[in-house]
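One structure below.
Order of the sequence lines sets the chain letters (A, B, ...), proteins ahead of strands, with each chain counted from 1.
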Amino acid sequence: MDLSLSTRSEGDRTVVEVGGEIDVYTAPRLREQLVDLVADGKYHLIVDMERVDFLDSTGLGVLVGGLKRVRAHDGSLRLVCTQERILKIFRITGLTKVFPIHSSVEEAVSATE
Amino acid sequence: MDLSLSTRSEGDRTVVEVGGEIDVYTAPRLREQLVDLVADGKYHLIVDMERVDFLDSTGLGVLVGGLKRVRAHDGSLRLVCTQERILKIFRITGLTKVFPIHSSVEEAVSATE
Amino acid sequence: MATVELRFSALPAHVRTARLVAAAVARRSGVDEAVLDEVRLAVGEACSRAVHLHRRHCPEVPVMVTLIDDEKAFSVAVTDEAPQGQREEQGTLADLAASAAESTDPDQELVIPEVGLAVITGLVEDVEVAPGRDRGVVVTMSWPISV
Amino acid sequence: MATVELRFSALPAHVRTARLVAAAVARRSGVDEAVLDEVRLAVGEACSRAVHLHRRHCPEVPVMVTLIDDEKAFSVAVTDEAPQGQREEQGTLADLAASAAESTDPDQELVIPEVGLAVITGLVEDVEVAPGRDRGVVVTMSWPISV
Ligand SMILES: Nc1ncnc2c1ncn2[C@@H]1O[C@H](COP(=O)(O)OP(=O)(O)O)[C@@H](O)[C@H]1O
Ligand SMILES: Nc1ncnc2c1ncn2[C@@H]1O[C@H](COP(=O)(O)OP(=O)(O)O)[C@@H](O)[C@H]1O
């Protein structure tokens with residue numbers, strides 16, 4: 001299954017809805033999307049991973065890269081994820097301590113630092 | 001996808017509904033089913049292939065084997081198939097001339113020699 | 001240059017693996033969706049044939065499938081290592097079917113290598129059946145890539 | 001004894017092929033359905049890592065994946081051929097992440113081989129990482145078969 005990406009604004013936040021597989025093959029496209037958003041001045045990102053079927057460490061690397069980019073502009077990168085098998089990968093790599101992970105886009109939108 | 005098999009009687013005919021993939025891996029099970037039916041005295045068989053996703057020459061071989069078995073008892077083996085990609089395989093191998101092929105189980109049930 | 005090579009022990013289950021791999025690589029190479037069924041069937045036939053011959057003549061030797069994507073075409077080569085001299089007799093489909101009918105060997109009823117080849121050549125426009133390097137046969141099938 | 005061997009040129013797309021093959025063969029071998037996601041992820045990580053190292057050190061050499069089903073366990077071995085001396089430094093995940101953060105090489109940001117290994121060892125109970133015969137590393141992962 002391929003990667004699908006769509007973005008929309010929610011107030012001052014930008015929601016990136018990701019679907020399909022984020023892996024070594026598709027991660028460059030997600031990376032490009034995040035780089036473009038930051039270049040466009042979008043520094044408060046919410047990555048909605050509810051429709052992600054597969055995530056590997058390459059995908060994690062891209063998310064970490066995105067986090068570094070928005071932080072350089074005092075921004076934020078929040079994740080929406082309730083899927084256990086995806087959460088497990090964040091836990092294994094210690095990234096649950098790095099990313100704020102929310103259980104819905106609404107929750108992520110209303111979250112403050 | 002694996003093979004699924006179910007049989008039922010329609011008057012003096014026995015309908016074998018086949019689903020999934022008939023290939024070198026699953027064909028032995030279809031063969032066994034046909035052999036068992038003939039051993040049980042069922043000589044008028046209708047093989048319903050409408051839910052077959054894949055058929056290869058091994059599957060053809062089993063159907064030809066079934067035909068030979070029922071013919072040895074003056075029986076019949078009719079096929080139900082309207083799927084173009086499956087019909088194509090029968091045409092390529094000249095088997096459309098060997099098997100009566102019907103477009104519904106009803107049509108096959110009411111067919112006579 | 002993008003090449004995938006698959007070797008598997010001569011078991012029917014692995015023919016399914018080969019079909020799966022061929023269809024997946026073909027799709028990614030840009031082979032038309034409508035043709036993927038043909039790829040799956042043709043590769044399956046070539047591999048069933050090779051597995052059948054290996055089981056009969058050299059069950060310990062793996063079957064080899066090579067997938068090559070050279071940007072204009074997607075090609076699959078299936079190589080068997082069955083000894084040349086012992087290969088099945090050539091004949092018409094009807095002859096083969098008749099001999100299968102007389103045989104009581106259930107395996108022979110299931111697989112008639114030349115019927116598999118007939119399906120391949122009936123199905124695929126670009127096929128080559130050539131002798132292997134030392135023994136056996138290489139069946140090479142190609143499909144255009146629509147980019 | 002039922003063995004499947006897959007060799008592929010060091011391209012990200014083929015990692016998907018390897019995942020697909022591993023999951024399909026694992027399922028047929030009798031690996032529990034609930035564990036197939038783990039197989040897919042772990043094999044993908046091992047292959048991504050190998051592809052990354054090959055692209056950097058030996059882009060012409062194929063990556064090799066061996067799948068063995070010995071009736072008690074299903075094992076996958078992923079072998080890279082990256083020269084030993086040039087392998088990435090070991091370090092904590094935080095070190096690696098920090099160095100990735102400083103790097104401007106986009107490829108390095110994407111793949112940190114040791115993070116992939118951390119995922120594998122965090123995920124799979126039975127893993128062995130051993131030096132390859134001449135060079136490189138063999139990552140061997142096994143899962144029980146529930147028959
Ligand atoms: N590519 C990656 N894949 C997985 N985990 C990563 C990756 N990069 C960084 N991490 C994780 O993110 C954590 C924090 O990274 P980072 O933001 O660079 O923090 P620091 O600046 O403290 O090093 C690391 O401890 C590591 O576990
Ligand atoms: N295993 C098989 N796979 C595909 N086609 C077959 C197979 N066996 C037989 N056939 C086809 O069936 C046709 C008729 O077979 P058969 O019933 O044995 O007729 P005959 O008795 O005239 O040889 C053959 O011409 C051949 O095309």
Within-4.5 Å side-chain heavy-atom neighbours: [X] and [Y]:
{"X": "C/L123", "Y": "B/K88", "value": "yes"}
{"X": "C/V119", "Y": "B/D56", "value": "no"}
{"X": "B/D23", "Y": "C/R40", "value": "no"}

Next on the checklist: Please classify the contact of C/R19 with chain B as side chain, backbone, both or neither, using a heavy-atom distance under 4.5 Å.
Outcome noted: side chain

Checklist entry - Side chain, backbone, both or neither: which part of C/V15 has an atom under 4.5 Å from a heavy atom of chain B? => result side chain

Item to check | Flag if over 12 foreign heavy atoms under 6.0 Å of CD, B/E84 | outcome: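 Yes, enclosed.
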
Item to check | Closest heavy-atom pair and its distance - B/V24, C/P12 | outcome: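 The answer is O-CB, 3.7 Å.
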
Item to check | Heavy-atom closest pair, residues C/G116 and B/S57 | outcome: CA-OG, 3.7 Å

